[in-house]
> 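Below is the structure I would like to discuss, written out as structure tokens.
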Amino acid sequence: MTQPSIKHALSVTRESDFAAWYQEVIAEAEMAEESGVRGCMVIKPWGYGIWERIQQIMDGRIKEAGVQNCYFPLFIPLSYFAKEAEHVEGFAKEMAVVTHHRLVSDGKGGLVPDPEARLEEPLVVRPTSETVIGAAMARWIQSWRDLPLLTNQWANVVRWEMRTRMFLRTSEFLWQEGHTAHADRSDAMAETLRALEMYRSFSEDVLAMPVIAGEKPENERFPGAVATYSIEAMMQDGKALQAGTSHYLGTAFAEAAGIRYQDREGQQTLCHTTSWGVSTRMIGGVIMTHGDDDGLRVPPAIAPHQIVILPMLREDDGDAALLAYCETLRAELAQQSALGERVRVLLDKRPGKATQKRWGWVKKGVPLILEIGGRDAAGEQVSALRRDRLWRADGKVNFVGQSRGDFVAGAADALEDVQRSLHAEATARRDAQIERGVSTLDGLADYFAEGNRYPGWVELGWSRPTGAALEAVVAKLKALKLTIRNTPMDAPAPGGTCPFTGEPAVETIYVARSY
RNA sequence: CGGGGAGUGGCGCAGCCCGGUAGCGCGUCUGCUUUGGGAGCAGAGGGUCGCAGGUUCGAAUCCUGUCUCCCCGACCA
């Protein structure tokens with residue numbers, strides 16, 4: 001572990017209390033705060049800035065795939081929602097419902113819903129938009145020429161969760177939801193898998209968060225889906241986080257909403273639909289993948305500021321020259337390109353000592369921090385700190401001095417190296433925590449023996465039971481607080497026997513504790 | 001939703017048992033001195049004690065209700 005001489009920026013370490021550490025990162029990095037509304041959070045500029053970066057890059061990739069953005073209503077008529085039975089069953093327990101459209105005084109200084117203003121048909125606040133979008137698709141699609149219909153929306157959704165955690169599970173959250181309609185199963189399945197691959201590569205390349213893409217077991221499917229796929233990331237405490245999902249919905253939603261097209265033979269045919277989404281939960285994944293005992297570390301690709309310049313102001317006559325030097329440096333850096341975009345650099349001119357302001361940026365996780373003093377300005381130098389290499393072995397903050405020209409010329413490489421390093425570090429940790437030597441139920445229990453930190457995931461072969469046989473397996477795992485995460489897409493067929501059924505193993509799964 | 005814990009200046013906490021007009025540390029502000037690596041000294045500002053009722057001459061403190069947060073569980077695309 002860390003040297004005892006290091007005075008970390010946070011008061012709680014990951015080792016001592018991972019849940020408390022997670023909350024401290026969010027508070028100290030000023031990402032989000034409580035709102036006073038149960039399960040809902042205020043996303044502050046630094047947290048929202050990260051979300052905007054995710055949105056911008058993801059939106060570009062969605063559009064590259066030929067998907068068009070739309071916007072559908074927040075409110076869904078109850079009758080729409082009621083049409084698909086499994087869907088209803090899945091979400092009914094967590095719906096916010098609008099029943100009135102006016103308030104009146106209660107005579108005691110308060111307000112109550114006006115009994116005279118009850119809605120004839122209640123509206124539900126969308127927990128997801130399959131039903132409203134399905135209704136629109138039914139209007140928009142007539143002929144095979146209208147297919148495929150590829151839509152996406154960026155929106156908020158509400159699910160009345162029993163237990164919430166900032167970013168990971170909030171009652172209201174922000175996401176994108178793609179909804180597509182296709183002529184047949186193979187086209188819809190191709191789209192489902194395209195979205196999954198989009199999420200996998202986004203997670204790896206942009207979030208620097210290694211994930212395993214695969215199919216969810218039957219018991220974990222989206223309500224109403226024929227097949228559900230996910231990307232699963234391993235957090236630093238060894239638990240799994242489902243960071244994105246993609247569903248092949250078959251014709252169930254098409255049937256419920258009447259999404260039909262006239263095929264080339266003139267027959268009315270049901271469409272095959274898909275839906276897929278990622279949410280603000282990804283930010284929670286970034287925190288628990290890259291955070292350390294000094295706060296967040298933001299991958300440069302999604303950092304609102306990639307480089308922050310802190311002038312060491314002395315409130316004397318030298319400040320003007322120092323600021324001019326820093327402004328030159330800022331302008332030079334802003335001309336550079338890294339990770340395919342212009343470098344985002346902030347000159348932090350707020351009053352206060354650079355040494356003091358530094359820790360705020362360290363906790364926010366800015367990839368590169370520059371502290372520039374009068375001597376640097378005079379000698380055309382910079383002092384640079386890489387957030388992912390914060391400490392020297394002697395416990396001192398790891399500033400590296402170099403010429404301004406060298407730093408500017410190397411800035412893009414440095415940012416790209418931070419991006420790579422974060423990914424490499426997370427991948428190495430993840431790989432070291434995947435256990436492949438467990439082949440029995442007892443072995444699973446031993447591997448996941450009690451403790452605050454979980455050892456990781458177990459990869460094993462199983463017989464892919466269904467129905468009641470699967471339920472029996474799920475119950476056994478539940479007793480160990482374990483879940484089946486997914487079946488990886490490109491896994492070779494495993495050998496041996498299934499630890500749950502004793503039958504020959506036919507596919508690989510990951511078993512883990514999860515968020 | 002069940003069990004447990006907690007809400008007191010921006011943040012972290014004490015005070016509550018045993019009612020008597022709210023305190024500490026950090027941060028903030030002012031001044032002076034320092035200052036190339038998380039500054040020192042002095043002073044100052046800042047709180048409807050989550051909210052609503054109740055008991056009482058008097059409530060942060062006792063009682064009832066309620067809201068929010070955290071942990072465990074159940075639930076969870």
Side-chain angles (χ1 to χ4, degrees), chain A residues 6-12 17-20 22-24 26-28 30 33-41 86-87 89-94 108-110 126-130 157 159-166 168-171 173 175 177 216 219-225 227-230 242-247 249 275-279 281 294 310-316 318 322 351-363 369-379 381-383 385 390-392 395-399 401 450 452 478-479 481 483 486 514-515:
Chain A
I6 291 177
K7 182 185 167 194
H8 286 291
L10 300 184
S11 65
V12 184
D17 187 341
F18 196 78
Y22 176 74
Q23 292 184 139
E24 192 180 7
I26 291 168
E28 291 294 317
E30 300 183 294
E33 64 185 18
E34 291 165 23
S35 63
V37 182
R38 183 189 191 88
C40 298
M41 62 180 174
E86 280 186 41
H87 193 60
E89 196 186 337
F91 285 108
K93 295 183 293 292
E94 52 186 38
K108 291 179 286 189
R126 62 179 166 222
T128 178
S129 302
E130 274 74 7
V157 287
R159 299 176 187 181
W160 214 259
E161 299 288 350
M162 290 293 102
R163 185 177 177 185
T164 59
R165 291 166 188 258
M166 283 202 180
L168 298 177
R169 175 169 284 108
T170 46
S171 292
F173 58 92
W175 76 347
E177 46 180 326
K216 289 297 235 183
N219 63 306
E220 302 268 355
R221 272 181 205 145
F222 176 73
T228 287
Y229 299 83
S230 71
Q242 177 176 308
T245 53
S246 184
H247 316 289
L249 302 173
S275 66
W276 27 274
V278 296
S279 71
R281 171 181 262 200
D294 296 291
L310 299 173
M312 300 173 76
L313 300 171
R314 298 183 57 161
E315 296 179 357
D316 62 21
L322 177 59
K353 296 191 70 171
T355 48
Q356 226 166 12
K357 292 192 289 181
R358 174 208 306 158
W359 293 102
W361 292 114
V362 164
K363 288 186 282 192
I369 296 169
L370 302 179
E371 287 185 29
I372 308 298
R375 265 176 249 162
D376 293 308
Q381 300 285 118
V382 302
S383 291
L385 180 62
L390 194 56
W391 302 102
R392 283 203 290 261
K396 295 235 164 62
V397 177
N398 190 23
F399 275 103
E450 280 314 304
N452 279 332
K478 192 172 167 183
K481 294 193 274 193
T483 56
N486 66 18
S514 70
Y515 278 100

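Letters A, B, ... mirror the listed sequences (proteins, then strands); counts begin at 1.
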> Consider only side-chain N and O atoms of A:Glu220 and A:Thr483, and report whether a donor and an acceptor are under 3.5 Å apart.
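There is no such pair (donor and acceptor under 3.5 Å, judged by atom type) between the side chains of A:Glu220 and A:Thr483.
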
> Select one nucleotide: of B:C72, B:C75, B:C70, the one nearest the side-chain heavy atoms of A:Arg163.
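Of B:C72, B:C75, B:C70, B:C72 is nearest to the side chain of A:Arg163.
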
> Tell me whether A:Tyr22 contacts the main-chain N or O of A:Met166 through its side chain, where contact means a donor paired with an acceptor under 3.5 Å.
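Yes: the side chain of A:Tyr22 pairs with the backbone of A:Met166.
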
> Quick one: which of B:U68, B:G36, B:U35 gets closest to the side chain of A:Glu34?
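That would be B:U68.
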
> State the pairing partner of B:G23; accept Watson-Crick or G-U wobble contacts with both distances under 3.5 Å, and report none otherwise.
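B:C13 is the nucleotide pairing with B:G23.
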
> Any chance the side chains of A:Glu161 and A:Ser171 put a donor and an acceptor closer than 3.5 Å?
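No.
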
> For A:Lys363 and A:Glu28, find the nucleotide of RNA chain B closest to each by heavy atoms; which residue's nucleotide sits nearer the 5' end?
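Checking each residue's closest nucleotide, the 5'-ward one belongs to A:Glu28.
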
> My understanding is that a pair needs two contacts under 3.5 Å, Watson-Crick or G-U wobble. By that rule, which nucleotide pairs with B:U35?
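The base-pairing partner of B:U35, which may sit in any strand shown, does not exist here.
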
> Round to a whole Å and report the spacing from CG of A:Leu10 to P of B:C11.
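So the CG-P distance, A:Leu10 to B:C11, works out to 17 Å.
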
> Judged by atom type as modelled, is there a donor-acceptor pair below 3.5 Å linking the side chain of A:Arg281 to the main-chain atoms of A:Leu168?
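Judged by distance alone, yes, a pair lies under 3.5 Å.
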
> Identify the nucleotide, in any strand shown, that forms a Watson-Crick or G-U wobble pair with B:U68, with both distances under 3.5 Å; if there is none, say none.
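Answer to the pairing question: B:A6, which forms a Watson-Crick or G-U pair with B:U68.
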
> So if I take every side-chain heavy atom of A:Arg375 and compare against B:C70, B:G36, B:A74, which nucleotide ends up nearest?
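The answer is B:G36, which lies nearest to the side chain.
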
> Is the ring pair A:Phe222/A:His247 parallel, tilted or perpendicular, if the boundaries are 30 and 60 degrees?
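Ring orientation of A:Phe222 relative to A:His247: parallel.
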
> To the nearest Å, how far apart are A:Trp359 CH2 and B:G27 C1'?
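Computing the A:Trp359:CH2 to B:G27:C1' distance gives 17 Å.
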
> Any idea which of B:A74, B:A39, B:G36 is nearest the A:Ser383 side chain?
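Of the candidates, B:G36 comes closest.
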
> Given B:G36, B:C69, B:G73, identify the nucleotide with an atom nearest to the side chain of A:Arg38.
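Out of B:G36, B:C69, B:G73, the nucleotide with an atom closest to A:Arg38's side chain is B:C69.
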
> When rounded to the nearest Å, what value does the distance between P atoms of B:G20 and B:A60 take?
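About 9 Å, rounded to a whole number of Å.
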
> Look at all strands and tell whether A:Arg165 reaches a base, only sugar-phosphate, or nothing, counting heavy atoms closer than 4.0 Å.
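Sugar-phosphate: the residue A:Arg165, judged by heavy atoms under 4.0 Å, touches backbone atoms but no base.
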
> Of the nucleotides B:C70, B:A39, B:A74, which one has an atom closest to the side chain of A:Gln23?
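Nucleotide nearest to A:Gln23's side chain: B:C70.
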
> Between A:Thr164 and A:Asp294, which has a closest nucleotide on RNA chain B that is more 5'?
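Closer to the 5' end of RNA chain B: A:Asp294.
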
> Figure out the CG/P separation between A:Leu385 and B:G36, and round it to whole Å.
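Rounded to the whole Å, the gap is 18 Å.
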
> Please pick, from B:C70, B:C76, B:G36, the nucleotide with the shortest atom-to-atom distance to any side-chain atom of A:Arg314.
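Within the option list, the nearest is B:G36.
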
> Could you check which of B:U28, B:C75, B:A74 has an atom nearest any side-chain atom of A:Gln356?
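Minimum distance to the A:Gln356 side chain belongs to B:U28.
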
> When you measure from the side-chain N and O atoms of A:Thr355 to the phosphate of B:A39, is any distance below 4.0 Å, counting only OP1 and OP2?
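Answer is yes, contact under 4.0 Å.
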
> Taking the minimum atom-to-atom distance to the side chain of A:Lys353, which one of B:C71, B:A39, B:A74 wins?
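Ranking B:C71, B:A39, B:A74 by closest atom to the A:Lys353 side chain puts B:A39 first.
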
> If you check the A:Lys481 side chain, which of B:C1, B:G73, B:C76 turns out closest?
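It is B:G73.
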
> Side chains of A:Ser230 and A:Gln242 only: does a donor on one sit below 3.5 Å from an acceptor on the other?
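No - no donor-acceptor pair under 3.5 Å links their side chains.
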
